[in-house]
Amino acid sequence: MNRDKMNLPTFYSYYRSSCSWRVRTTLNWKGIDYETIPISLIKDEQKTSEYAFLNPFQVVPTLEIDGTLLTQSIAILEYLEETRPEKPLLPKDPIKRALVRSLVQAIASDTQPITNLRVIKYAGKEEWPKYWMTYNFQFIEVQLSSTAKEYCMGDEVTFADVCLVPQVYNALRVEVDMTKFPIIHRIYIKCLELDAFKAAHPHRQIDCPSELKET
Ligand SMILES: N[C@@H](CCC(=O)N[C@@H](CS)C(=O)NCC(=O)O)C(=O)O
């Protein structure tokens with residue numbers, strides 16, 4: 001292995017994980033090259049002792065960068081923003097930053113955790129993720145009606161978009177009726193025109209099954 005390859009950040013992820021997608025988009029947006037190590041959630045590889053050593057929460061993603069292991073996708077996003085401020089994903093204005101973080105929390109704290117694999121399995125109800133995504137999207141749509149233009153926060157791409165896109169992908173998978181959320185859906189389509197989001201799409205990842213794979 002050549003020296004450059006050895007120094008690349010290592011990203012432990014699963015192609016369909018929305019939390020992994022957030023980090024992939026940010027790495028791509030900021031032009032940070034990295035190597036992916038797939039962790040299959042279907043095979044429960046996140047629960048093996050080898051992986052738990054890297055990530056005590058036994059979830060993806062984990063990013064090894066700058067000689068350290070980072071867990072929790074939002075902490076990783078913030079770290080990348082602080083250490084690689086070029087192509088920022090947080091606005092300069094403190095009010096706009098707070099609004100972006102509010103949208104991030106609405107997705108990363110209020111929506112994704114209650115629709116995560118382990119929660120769905122425990123709830124044992126087929127309608128569970130669809131119900132909670134629909135429920136939370138109604139409030140996100142209201143908030144976006146006052147902040148969004150082309151993207152979630154005016155015309156700037158921010159962490160709000162980075163978090164929204166994978167959540168919408170998940171919502172579409174469980175057949176949430178997106179006609180109820182025209183702003184969210186419009187932003188999803190718009191973001192997927194951008195290279196950083198496109199390249200981070202689950203169907204373009206090395207662990208994506210061949211029947212879903214896109215190039
Ligand atoms: N708060 C964590 C959540 C991570 C998380 O829930 N990851 C999901 C995939 S998006 C996972 O690994 N689920 C496996 C499981 O529930 O066992 C983060 O943002 O990194």
Side-chain angles (χ1 to χ4, degrees), residues 9-29 32 34 36-66 68-83 89-90 100-126 128-130 132-133 136-137 140 152 158-174 176 188 191 197 200-209 212:
T10 307
F11 186 50
Y12 299 85
S13 79
Y14 180 59
Y15 77 106
R16 249 182 185 162
S17 145
S18 62
C19 306
S20 302
W21 189 351
R22 294 169 191 161
V23 177
R24 286 197 297 264
T25 306
T26 304
L27 289 164
N28 295 346
W29 182 261
I32 306 164
Y34 63 95
T36 299
I37 307 232
I39 302 295
S40 169
L41 299 188
I42 295 300
K43 294 185 191 153
D44 269 346
E45 286 176 357
Q46 77 279 23
K47 295 183 184 159
T48 61
S49 51
E50 293 93 327
Y51 185 69
F53 181 73
L54 304 176
N55 186 322
F57 305 105
Q58 301 187 5
V59 287
V60 287
T62 303
L63 181 67
E64 192 168 7
I65 190 167
D66 300 337
T68 197
L69 277 168
L70 295 176
T71 59
Q72 294 290 349
S73 60
I74 304 306
I76 298 173
L77 264 46
E78 294 274 353
Y79 176 81
L80 294 174
E81 182 75 359
E82 284 168 16
T83 56
L89 284 161
L90 279 173
V100 167
R101 287 185 165 124
S102 164
L103 285 162
V104 165
Q105 292 306 320
I107 297 159
S109 301
D110 296 348
T111 310
Q112 187 275 334
I114 53 170
T115 55
N116 189 20
L117 190 60
R118 60 182 66 173
V119 176
I120 297 172
K121 275 189 191 160
Y122 187 72
K125 288 188 187 141
E126 214 184 302
W128 179 279
K130 182 176 180 176
W132 286 111
M133 287 185 213
N136 281 335
F137 274 10
I140 293 171
C152 290
T158 67
F159 283 142
D161 305 292
V162 165
C163 292
L164 185 75
V165 168
Q167 195 59 58
V168 176
Y169 172 86
N170 282 355
L172 289 168
R173 279 187 67 210
V174 296
V176 167
Y188 171 73
C191 287
F197 287 79
H201 193 285
H203 300 179
R204 294 202 168 83
Q205 305 315 305
I206 52 170
D207 53 336
C208 177
L212 293 175

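FYI, side chains are in, hydrogens and waters are out, and symmetry mates aren't considered; it's all heavy atoms of this structure. All ligand and atom numbering here is 1-based and tracks the order in the structure.
For Arg173, the salt bridge (Lys or Arg N to Asp or Glu O under 4.0 Å) test picks out no residue, with sequence neighbours left out.
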Side-chain donor-acceptor contacts of residues 38-46 below 3.5 Å, not counting sequence neighbours, with atom names and distances?
| from | atom 1 | to | atom 2 | distance (Å) |
| --- | --- | --- | --- | --- |
| Ser40 | OG | Ile42 | N | 3.4 |
| Ser40 | OG | Lys43 | N | 3.0 |
| Glu45 | OE1 | Ser40 | N | 2.8 |

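Inter-residue side-chain proximity for Leu77 and Leu89 is flagged as unmet; no heavy-atom pair is nearer than 4.5 Å.
Listed by chain and number, residues touching ligand 1 at under 4.0 Å (heavy atoms only) are Ser17, Ser18, Cys19, Arg22, Leu41, Gln46, Val59, Val60, Pro61, Gln72, Ser73, Gln112, Asn116, Leu117, Arg118.
Sequence neighbours left out, not one pair with a member in residues 12-26 passes salt bridge (Lys or Arg N to Asp or Glu O under 4.0 Å).
Closest non-hydrogen pair, Phe137 versus Ala171, comes out as CE2-CB, 3.6 Å. The two residues Trp21 and Phe197 make their nearest non-hydrogen contact at NE1-O, 3.7 Å.
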